[in-house]
Every structure is written in C-alpha cells, then in structure tokens.
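Numbering starts at 1 and runs along the sequence shown. Here the structure is a predicted model, which means the values were calculated and not measured.
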Amino acid sequence: MAAGHEPNSPVIPVLYEDNHIIAVVKLPGIPSQEDETGDPDMLTLIKQDLKIRHNKPGNVFLGLVHRLDRPVGGAMLFAKTSKAASRLSEAVRSRTFGKTYVCVVHGKPAKQQDRLRHYIWKDAKRNQVTVFKEPSPDAKEAILEYKVCAEAGGYSLIAVKLHTGRPHQIRAQMAYIGCPLVADRKYGAPGTTSVSDIALWSTSVEAPHPVTKERQCFRSVPYGSAAWSWWRSEQLEEASNIYIE
C-alpha cells in the first residue's frame with residue numbers, strides 16, 4: 001500500500017494505517033511540512049491521498065507529530081484525528097515517543113558506543129545550530145546514544161537512539177565529536193563524495209497507540225542511493241534494529 005495518487009506526485013510507502021494514525025516512509029528531499037519553496041510536502045501529500053483513497057469530502061485532518069529534516073528519509077508517524085494528535089504530542093513531550101536512526105559518518109568516533117549530552121542553540125535565521133559542551137544561555141539539552149556498527153573506507157555506519165528531539169541534533173552532535181554525516185556540508189562534511197542526500201535515516205518511531213495505549217513500533221531500513229549502497233543489506237538491517245526492543 002502506498003500513498004500518492006496525484007499526477008507526478010511521489011509514491012509514499014505506507015507502513016501502517018488505522019482510523020487514528022498513519023505511519024509512512026518519508027523519502028529524502030521532501031519537506032515534512034510546507035516551506036518557502038512551495039515544493040510538495042509530506043503533510044499535504046498524505047492529506048491529498050487520504051482524501052482520494054477514502055473518498056472524504058471537505059478538508060482532511062492530519063496532525064504533524066514530529067519532523068524529519070528535508071534531506072532525511074525514513075519512518076514517520078502522523079495523526080488522523082485531533083485527539084490522536086494531542087496524545088501523540090504528549091508522548092513526544094514526555095519522551096515516551098521513541099526514535100531511532102542510522103547514519104554514515106566520516107571517520108570513526110573515539111568510542112565504539114557512547115551517550116552524548118550537549119547543549120544546542122538554534123540560529124533560526126541561518127537554520128543552523130551550535131553545540132555547547134556545557135549549559136549555555138538559550139541552549140537546550142540534547143541527549144543521544146550511539147553505537148558504531150560497521151566501518152569501511154574511512155566511514156562508519158552508526159546506530160543512534162534519540163532521547164531528545166532538538167533541531168539537527170544528530171547532525172550537529174556527531175559533527176561536534178569530529179564525525180560529520182556524509183554529505184552534510186552545513187555541519188562540516190568534506191565535499192569528497194558524490195552523495196547528495198545527507199546519510200541519515202529514521203529507522204523507527206515508537207509510541208503508545210493514542211486509543212488502545214498498546215505500544216507500537218514502525219520500522220524502515222534505509223535504501224536508495226546515498227551512502228546506504230556502501231553497506232551490505234545485513235549490516236543495514238542489524239544497525240536499524242540495534243536500539244529497537
């Protein structure tokens with residue numbers, strides 16, 4: 001099952017859908033919501049699909065619960081009712097909304113696995129963040145865990161579990177420890193590869209169902225060109241499942 005019925009609109013894989021939520025795979029290059037470019041965005045595309053597929057009159061409600069940066073792909077969860085949106089947003093605030101990722105970085109971190117705690121300040125005008133080691137005015141705490149899963153050709157495949165959801169968090173924190181993500185020029189990646197999409201993928205979103213309260217996990221293993229083709233499918237599968245209970 002896949003979303004996308006408008007002419008020339010991208011086909012968006014659907015991982016799960018019921019009356020309350022829809023989990024999909026966001027393709028790299030598509031904004032999570034409408035931005036100044038006016039390009040097709042996930043929120044609009046899925047609303048259009050739901051309207052056509054379910055023959056819904058009038059406006060279709062769809063709640064944006066969390067975001068992925070435009071160059072990032074992977075699992076993403078949306079709410080189909082206002083009540084579901086409210087409950088999932090509360091799960092995000094209370095940190096019972098789990099998110100895991102894989103990324104490919106230049107070099108290798110000093111530690112095979114670690115828990116990083118930094119403080120992030122966002123410059124909204126430049127759409128870029130600054131990382132501080134110690135608390136700093138207006139900077140918010142940023143916590144993640146990572147594990148190096150494979151190494152090849154001067155690059156590392158890394159599994160990440162987010163504990164906070166700060167802007168550009170994984171990109172900025174990995175760059176801060178000397179391992180920028182492949183193709184992430186904004187955070188210091190050298191221009192030594194032909195990869196255009198940032199090598200970051202949302203491998204799972206996990207949350208209590210807004211109605212049944214049952215904990216659900218929606219998964220996506222990275223695919224496509226980018227830096228994912230540098231690794232065997234078994235390596236990508238293993239890295240994607242490191243932090244999934």
Looking only at side chains, do H118 and Y176 share a donor and an acceptor under 3.5 Å apart?
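The criterion, which ignores hydrogens and geometry beyond distance, is not satisfied for Y176 and H118.
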So, E34 versus T44: side-chain donor-acceptor pair below 3.5 Å or not?
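Their side chains do not contain a donor-acceptor pair, so the 3.5 Å distance test is not met.
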Does [Y] offer a backbone N or O that forms a donor-acceptor pair with the side chain of [X] under 3.5 Å?
X	Y	value
N241	E237	yes
Q235	R232	yes
R115	I143	no
D69	P71	no
H54	K56	no
K99	S202	no
S156	I158	no
K51	N55	no
H168	R171	no

Mark yes when over 12 heavy atoms from residues, nucleotides or ligands other than [X] sit less than 6.0 Å from its [atom1]; otherwise mark no.
X	atom1	answer
K147	NZ	no
N59	CG	no
K213	NZ	yes
D35	CG	yes

Looking at the rings of Y155 and W230, which for Trp means the six-membered one, are their centres under 6.0 Å apart?
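Between W230 and Y155, which both carry aromatic rings, the centre distance is below 6.0 Å.
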What's the shortest heavy-atom distance between [X] and [Y], and which atoms?
X	Y	result
W231	A150	CZ3-CB, 3.7 Å
L200	C103	CD1-CB, 3.8 Å
P180	A189	CB-N, 3.8 Å
G74	S220	CA-OG, 4.2 Å
Q128	K186	NE2-O, 3.0 Å
A139	Y119	CB-CB, 3.9 Å

For a salt bridge (charged side-chain N to carboxylate O under 4.0 Å, His left out) check, start with the C-alpha distance between R87 and E90, then their side-chain angles and the critical distance, and finish with the verdict.
CA-CA 5 Å; R87 289 177 177 174; E90 178 54 36; over 6 Å; no
Atom [atom1] in [X], atom [atom2] in [Y]: separation rounded to 0.5 Å?
X	Y	atom1	atom2	value
D41	L64	CG	CG	9.0 Å
Q173	L181	CD	CG	11.5 Å
Y187	I170	OH	CD1	12.5 Å
R95	T164	CZ	OG1	6.0 Å
K140	R166	NZ	CZ	5.5 Å
T212	D18	OG1	CG	8.0 Å

Is any side-chain heavy atom of [X] less than 4.5 Å from a side-chain heavy atom of [Y]?
X	Y	result
I242	C149	yes
I22	F218	no
W228	V102	yes
K161	L144	no
Q33	R67	yes
S32	M76	yes
H66	L77	yes
D49	I12	no

Cluster check [X], [Y]: I/L/V/M/F/W/Y, side chain < 4.5 angstrom:
X	Y	result
Y16	F78	yes
V104	L27	yes
Y223	V160	yes
V205	V92	yes
I244	L236	no

Would I177 and L116 count as a side chain to side chain contact (heavy atoms under 4.5 Å, CB included) if you check the C-alpha gap in whole Å, the side-chain angles of each, and the deciding distance to 0.1 Å?
CA-CA 9 Å; I177 64 169; L116 303 181; 4.1 Å; yes
For D39 and R70, what are the C-alpha separation, side-chain angles and deciding distance, and is it a salt bridge (charged side-chain N to carboxylate O under 4.0 Å, His left out)?
CA-CA 11 Å; D39 294 339; R70 182 169 182 153; 2.5 Å; yes
Might you work through the salt bridge (charged side-chain N to carboxylate O under 4.0 Å, His left out) test for E17 and K80, ending with a clear yes or no?
CA-CA 9 Å; E17 182 182 1; K80 292 174 64 178; 2.8 Å; yes
Test side chain to side chain contact (heavy atoms under 4.5 Å, CB included) on V24 and L15 and set out the steps.
CA-CA 5 Å; V24 302; L15 300 171; 5.8 Å; no
Going by the rule ring pair (Phe, Tyr, Trp, His ring centres under 6.0 Å), which residues pair with F132 if we only count those two or more places apart in sequence or in a different chain?
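Partners of F132 by the ring pair (Phe, Tyr, Trp, His ring centres under 6.0 Å) criterion come out as none, since no residue qualifies.
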Would Q216 and I21 count as a side chain to side chain contact (heavy atoms under 4.5 Å, CB included) if you check the C-alpha gap in whole Å, the side-chain angles of each, and the deciding distance to 0.1 Å?
CA-CA 11 Å; Q216 293 180 298; I21 59 176; 3.5 Å; yes
Evaluate the criterion side chain to side chain contact (heavy atoms under 4.5 Å, CB included) for residue pair W121 and V131; output intermediate values, then yes/no.
CA-CA 7 Å; W121 175 78; V131 177; over 6 Å; no
If a pair satisfies side chain to side chain donor-acceptor pair (under 3.5 Å) and one of its residues is in residues 100-110, list it, with sequence neighbours excluded.
T100-T203, T100-S204, K108-Q112, K108-E151
